[in-house]
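Residue numbers start from 1 in every chain, and the chains themselves are labelled A, B, ... in the order their sequence lines are given, proteins ahead of strands.
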Number of protein chains: 2
Amino acid sequence: MNNRRIPKYILLKNELLSWFESGKLKAGQQVPSENEIAEQFGLSRQTVRQTFSELEKEGWLERIQGKGTFARFPGRRECELVKTIGIMTTYISDYIFPHIVRGAEAELRSRGYRLLLSSTDNNKEKEMESLKLMTSQPLSGLIIEPTKSAEGNPNLGYYLELQEKGIPYLMINEKYRELECPLLRVDDELGGYKAADHLLANGHTRIAGFFKRDDLQGVNRLKGFLAAHKARGVAVAPKRVVTYTTEQKNDLPYQQALQLLSGAVEERPTAFVCYNDELAVSLMEAALQHGLRVPEDVSFVGFDDSMLASASGTKLTTLTHPKTAMGRDAASQLIAMIEEGVAPGDTLYEPELVERDSVVNLNVNV
Amino acid sequence: MNNRRIPKYILLKNELLSWFESGKLKAGQQVPSENEIAEQFGLSRQTVRQTFSELEKEGWLERIQGKGTFARFPGRRECELVKTIGIMTTYISDYIFPHIVRGAEAELRSRGYRLLLSSTDNNKEKEMESLKLMTSQPLSGLIIEPTKSAEGNPNLGYYLELQEKGIPYLMINEKYRELECPLLRVDDELGGYKAADHLLANGHTRIAGFFKRDDLQGVNRLKGFLAAHKARGVAVAPKRVVTYTTEQKNDLPYQQALQLLSGAVEERPTAFVCYNDELAVSLMEAALQHGLRVPEDVSFVGFDDSMLASASGTKLTTLTHPKTAMGRDAASQLIAMIEEGVAPGDTLYEPELVERDSVVNLNVNV
DNA sequence: TCATACAACTTGTACGTACAACTATAGTGG
DNA sequence: CCACTATAGTTGTACGTACAAGTTGTATGA
């Protein structure tokens with residue numbers, strides 16, 4: 001026989017493992033005593049002990065002196081024991097992400113979870129790398145900020161793998177259309193609308209809009225920007241709408257802004273809606289360099305209400321971003337998904353306009 | 001005897017473990033055979049086998065049939081498999097930490113490690129909590145930014161536990177005096193010196209210094225600040241040196257600055273050296289509110305060369321902080337400690353003065 | 001010289017006994 | 001009724017034997 005070469009204690013082990021699989025042994029249930037098993041299988045108690053000892057170390061059994069041996073399901077236990085959640089974000093150090101991470105971290109720590117952090121640098125290969133690394137070891141759940149979400153179709157396979165492994169995940173800021181999962185995001189379209197509308201209400205008609213086009217946030221903000229113009233019956237000059245990609249962000253918008261400002265005075269934009277505060281600060285710099293005053297000559301509206309908005313020379317009028325709250329909510333929703341198995345619906349945050357000093361009211365001047 | 005109650009195989013186990021600790025057993029070395037040990041200790045071979053079996057499962061020994069039993073260091077092996085490194089920092093979202101984390105994350109990802117992030121909020125209970133959480137599961141190494149380092153004596157026990165578990169760690173920014181480990185830090189004393197010296201060289205003599213006193217960075221910067229005065233033979237008026245704690249940071253310095261600026265003109269400080277850029281921006285705000293111009297009436301020097309320094313209205317003269325590089329170096333040094341077992345020496349970064357627009361030269365005006 | 005066989009060693013498997021330590025329960029005594 | 005005890009059953013410790021299986025070096029033979 002082939003079996004002759006396989007040690008008896010291994011055979012017994014496999015037999016017991018099959019009991020688990022078939023449901024013959026359920027968690028918490030008492031296993032027959034060593035002597036019973038020994039008699040039943042015609043083995044010595046010592047041999048049974050060897051089997052039990054291995055199964056105990058592997059987490060299948062729990063032996064209690066004087067009481068007996070009990071079954072437990074290691075798989076389940078491990079998942080609950082893991083308590084490690086991953087966050088995959090595009091940029092770690094960019095101004096609003098630290099706040100999101102901080103909110104999530106605080107919530108997770110208070111709930112006894114560890115936080116794994118990974119950045120994709122808005123690069124799909126790095127996103128794949130990060131996903132692989134994250135899932136290379138047990139993971140309870142994942143918070144994802146999609147990479148270049150406007151371009152769609154990412155590393156779908158890996159996300160499907162997450163579902164197979166039963167690792168719950170949710171997305172923040174934006175969602176890959178192909179994937180079904182909870183989403184927490186700011187109503188960017190409304191934000192773009194509010195930004196433009198605020199300027200239009202203050203008498204601005206030549207408003208430049210600078211938006212990122214490789215993430216959906218930028219696309220949506222632009223959408224709202226256009227909608228506000230339409231609602232007010234103001235035409236948008238195509239040349240005043242500038243879109244750019246992540247790679248171009250340090251250069252192209254600045255140059256384009258300078259070019260717009262260099263035009264004839266009656267053509268020059270009187271206000272800028274900027275994709276975010278960082279860009280707004282940079283374009284304000286461009287305006288100042290060009291000899292224009294802010295807000296007297298040019299007004300600015302930013303996005304995200306970051307530190308930059310209140311630290312800059314002229315305090316920036318901007319739209320709020322929930323930041324810390326969003327991180328906290330994402331974490332607590334994910335924990336609910338893990339511990340209770342419930343999938344929450346999407347969460348939409350409404351951005352609020354924070355009026356500071358970077359917008360002038362043209363109506364008053366007239 | 002008390003020993004009577006402790007099982008022999010446990011006693012033997014402890015004996016063998018002490019062999020590892022004392023260096024009597026080195027990695028790869030062959031251990032005496034089961035029979036030899038049995039004879040030597042007057043035990044049966046079965047008892048020795050039980051001990052060996054446990055030590056093998058725990059990774060201390062490797063048994064090869066027909067060949068013998070060999071020593072190996074489990075800590076190393078396990079850590080290499082785990083490939084998860086923790087970072088414990090005081091504030092996640094504060095302006096320079098995201099850059100440190102980012103540098104570490106990039107390095108770790110490229111080397112195939114996962115990054116666990118935890119924040120202590122500069123609070124020792126949270127530090128303890130974080131340490132517990134971090135080490136609740138296998139960990140390859142730890143990067144620590146000490147909490148309130150100037151106050152000393154933290155959760156020493158937990159750190160010693162790290163050493164016992166063979167988890168290598170290093171500290172950034174500052175080190176707990178009681179612990180022996182590699183340290184990466186900026187030469188803050190030199191930074192404080194350079195800041196004050198720059199102002200003194202520009203003819204300032206009434207220089208206010210605002211420093212945090214509950215972390216060593218602040219203490220060291222103050223030390224350098226005083227040293228520069230001494231070197232130039234300029235007395236420091238005690239009332240112009242303000243120290244504060246983390247809890248007071250949002251209020252006390254601002255009030256103190258206003259008070260100093262409200263004094264008689266000939267007593268008013270002509271310059272401020274600020275603990276960091278964040279404070280500098282805040283105090284610049286105070287000066288502006290008080291009707292003073294920056295830098296014409298009051299000069300400012302910050303620390304850390306953060307985004308705030310170049311985004312603020314008057315671009316801030318400040319001292320560099322390696323930030324991203326420090327994170328990257330910390331990560332790569334830690335990986336070397338894990339994979340090669342070598343402990344690097346301390347790393348000291350020299351801060352450089354970045355001259356921008358917030359300091360006026362009084363010598364020229366005279 | 002080379003291949004083979006063998007001996008001497010290692011750890012692995014398998015059984016056995018005996019008793020200790022612990023748990024739960026049933027029964028006993030106050 | 002409660003506290004205590006005895007007891008049966010469990011796993012834990014400790015020793016013992018015997019042989020299997022794998023490794024290594026040595027002696028033997030062609």
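- Atom CD of B:Q46 is separated from atom C1' of C:dA18 by 15 Å (rounded to the nearest Å).
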Might you work through the side-chain hydrogen bond (donor to acceptor under 3.5 Å, both in side chains) test for B:T135 and B:E161, ending with a clear yes or no? CA-CA 10 Å; B:T135 54; B:E161 208 174 292; 5.1 Å; no
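- Side-chain N or O atoms of A:Q29 include none that pairs as donor or acceptor with a backbone N or O of A:A71 at under 3.5 Å.
- Remark: the backbone N or O of B:E36 is paired with a side-chain donor or acceptor of B:S33 at under 3.5 angstrom.
- Counting to the nearest Å, the P atom of D:dA14 and the CD atom of A:Q50 are 18 Å from each other.
- Side-chain atoms of A:S140 come within 3.5 Å of backbone N or O of A:K83 as a donor-acceptor pair.
- The number of heavy atoms from other shown groups lying within 6.0 Å of CD (A:E39) does not exceed 12.
- Nearest to the side chain of B:R45, among D:dC15, C:dT11, C:dT17, sits C:dT11.
- At least one donor-acceptor pair closer than 3.5 Å links the side chain of A:R109 to the backbone N or O of B:S119.
- The stretch residues 31-44 of chain B touches DNA chain D through B:L43, B:S44, each having a heavy atom within less than 4.0 Å of the strand.
- The environment of A:E125 atom CD is sparse: at most 12 non-hydrogen atoms of other residues, nucleotides or ligands sit within 6.0 angstrom.
- If you take CD1 of A:I10 and C1' of D:dA20, they are 15 Å apart, rounded to a whole angstrom.
- Spacing between atom NZ of B:K8 and atom P of D:dG12 amounts to 19 Å, rounded to whole angstrom units.
- In this model, the phosphate group of C:dT11 is not approached by any side-chain N or O of B:R49 to a distance below 4.0 Å at OP1 or OP2.
- Tested against B:Y176 for a side-chain contact (heavy atoms from CB on, under 4.5 Å), the candidates B:E180, B:E178, B:E174 yield a single pass: B:E178.
- Note: CG (A:L11) to P (C:dA14) measures 8 Å, nearest angstrom.
- One finds no side-chain N or O of A:T47 lying less than 4.0 angstrom from the OP1 or OP2 phosphate oxygen of C:dA14.
- An OP1 or OP2 oxygen of C:dT10 is reached within less than 4.0 angstrom by no side-chain nitrogen or oxygen of B:R63.
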I'd like a table of atom pairs between the protein and nucleotides 22-25 of chain D - only N or O on both sides, under 3.5 Å - with the distance next to each one.
{"from": "D:dG22", "atom 1": "O4'", "to": "B:Q65", "atom 2": "OE1", "distance (Å)": "3.2"}
{"from": "D:dG22", "atom 1": "N2", "to": "B:G66", "atom 2": "O", "distance (Å)": "3.0"}
{"from": "D:dT23", "atom 1": "O4'", "to": "B:G66", "atom 2": "O", "distance (Å)": "3.3"}

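- For B:Q30 against C:dT10, a side-chain-to-base donor-acceptor contact under 3.5 Å is absent.
- Atom CZ in B:F52 sits roughly 18 Å away from atom C1' in D:dT13 (whole-Å rounding).
- Within the 3.5 Å criterion, the main-chain N or O of A:L183 finds a donor-acceptor partner in the side chain of A:D346.
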